[in-house]
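Computed from a prediction, not measured in an experiment: that's the story for all the values here. We name chains A, B, ... by the order of the sequence lines, and we start the count at 1 in each one.
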Protein chains: 2
Amino acid sequence: MTQKKSTEKKGLDYGMLPGLAGYQLRLAQIAIFRDFSEALGEYDVTPGLFGILVIIEANAGLKQTELARAAHLDRSTVVSVIDNLERRSLVERRAAENDRRSNSLVLTADGAALLKKLKRRVVDHEKRLVEHLTEEERGTLVTLLQKIFPEHR
Amino acid sequence: MTQKKSTEKKGLDYGMLPGLAGYQLRLAQIAIFRDFSEALGEYDVTPGLFGILVIIEANAGLKQTELARAAHLDRSTVVSVIDNLERRSLVERRAAENDRRSNSLVLTADGAALLKKLKRRVVDHEKRLVEHLTEEERGTLVTLLQKIFPEHR
DNA sequence: TATTGTTATACTCTATAACTATA
DNA sequence: TATAGTTATAGAGTATAACAATA
């Protein structure tokens, strides 16, 4: 009931959707995923995988269950993710000290080298992403999002 | 290299992730999806399905291909989505006028009635979502997201 | 008993390619 | 030739449940 020019030919009416933060978040997510994949396409690394590599690098030796919690994944899902990264020689499962049930996850040299390249791409991607925003707006956006999901206390 | 208190026991280091708008968007998305599903759980409607119902309501008679473009889905994906909604008697495929290849999509009476209920839930969900934001911050957030993904020109 | 990693399995969402009927 | 919808198929990404080894 907001827009009147309906018989114009192309533009559909999105109803209440554009006013919903949840919907805008969803759209932004889609745009981001596509640009991210394009930017890192040749390396076959999704946003999720990138995040996992960063977390392993920043917490060398962490256990699979810890990674699961950090990445909001089930333990069983982490198994296949690490299988994947280990197959590609980016990550290694090491025997953990003190607990023979656990694995300690570390980046291999290859993994660390790749991550370095990925980070540069991601920074470029991030710039593209917010290129229509001023530096201040970008900061505001991150702050507002953190308020919605206060994970990093 | 930003945080120092690493041996504290629980809190992992997220490296560069928290500063990335793309990452915060991703986290917010996860939180939203979970709360949305919980809010509409008994109706078995995802954020995506909700959006599709809204678009069909706001553009009664639109064709499947038009819906595909609007919802960023492939034509073939729309087929199963509409199969699903039609099976649940929420949407109807009608013969389109002027073109016997196309279907015209409309909400059924049941679909319209359900959507009315869903909208109330979604408004509540949205309130919860942004409850840590002021009204002004909420407006700012939507505006900033629209700038990232300027779909609604 | 509880926890870690694993397996087997399945479900959702999505896309690609080839087909059909119309245009 | 081109387009609308469909089918068959496949691939991510994810979860649940049950299990063996270890705590």
(request) Could you state the atom-to-atom distance from CD1 of Ile82(B) to P of dA4(D) in whole Å? (result) 16 Å
(message) Any non-hydrogen side-chain atom of Leu90(B) less than 4.5 Å from a side-chain atom of Leu107(B)?
(response) no
(message) Base of dT16(C), side chain of Ser76(B) - is there a donor-acceptor contact under 3.5 Å?
(response) yes
(request) Could you state the atom-to-atom distance from CZ of Arg87(B) to C1' of dT12(C) in whole Å? (result) 13 Å
(request) Return no unless some side-chain N or O of Gln64(B) is found under 4.0 Å from OP1 or OP2 of dT6(D). (result) yes
(request) Report the nucleotide, chosen from dT22(D), dC13(C), dT6(C), that has the shortest atom-to-atom distance to any side-chain atom of Asp99(A). (result) dT22(D)
(request) Spell out, as yes or no, whether a donor-acceptor pair under 3.5 Å connects the side chain of Glu86(A) to the backbone of Arg93(A). (result) yes
(request) Inspect the contact between Lys119(B) and Glu126(B) and indicate whether a charged nitrogen and a carboxylate oxygen are less than 4.0 angstrom apart. (result) no
(message) Base, sugar-phosphate or nothing for Arg75(B)? Non-hydrogen atoms, less than 4.0 Å.
(response) base
(request) State whether the side chain of Asn59(A) and the backbone N or O of Asp13(B) hold a donor-acceptor pair below 3.5 Å, judged by distance alone. (result) yes
(request) Give the rounded distance in Å between these two atoms: CG of Leu49(A) and C1' of dT14(D). (result) 13 Å
(message) Any donor-acceptor pair, under 3.5 Å, between the side chain of Arg100(A) and the base of dT22(D), if you only look at N and O atoms?
(response) no
(request) Could you state the atom-to-atom distance from CG of Asp44(A) to P of dG11(D) in whole Å? (result) 13 Å
(request) Specify the separation, in whole Å, of atom CG of Asp83(B) and atom C1' of dT12(C). (result) 15 Å
(message) Is any side-chain heavy atom of Glu92(B) closer than 4.5 Å to one of Leu105(B)?
(response) no
(message) Mind checking if Thr77(B) touches a base, just sugar-phosphate, or nothing, with heavy atoms under 4.0 Å?
(response) base
(request) Starting from the 5' end of DNA chain C, give me the residue, Arg101(A) or Arg26(A), whose nearest nucleotide shows up first. (result) Arg101(A)
(message) Can you work out whether Leu73(A) or Val79(B) has the more 5'-proximal nearest nucleotide on DNA chain D?
(response) Val79(B)
(message) What is the separation between atom CG on Asn103(B) and atom P on dT3(D), rounded to the nearest whole Å?
(response) 18 Å
(request) Check the distance between dT6(C)'s P and Asn84(A)'s CG and give it to me in whole angstrom. (result) 14 Å
(request) Using atom CZ of Arg69(B) as one end and atom C1' of dT3(D) as the other, report the distance to the nearest whole Å. (result) 11 Å
(message) Once you apply a heavy-atom cut-off of 4.0 Å, does Ser102(A) come out as touching a base, just sugar-phosphate, or nothing?
(response) sugar-phosphate
(request) Considering just the side-chain nitrogens and oxygens of Asn98(B), establish if one lies under 4.0 Å of OP1 or OP2 belonging to dA23(C). (result) no
(message) Side-chain N or O of Arg93(B) versus OP1/OP2 of dA4(D): is the shortest distance under 4.0 Å?
(response) no
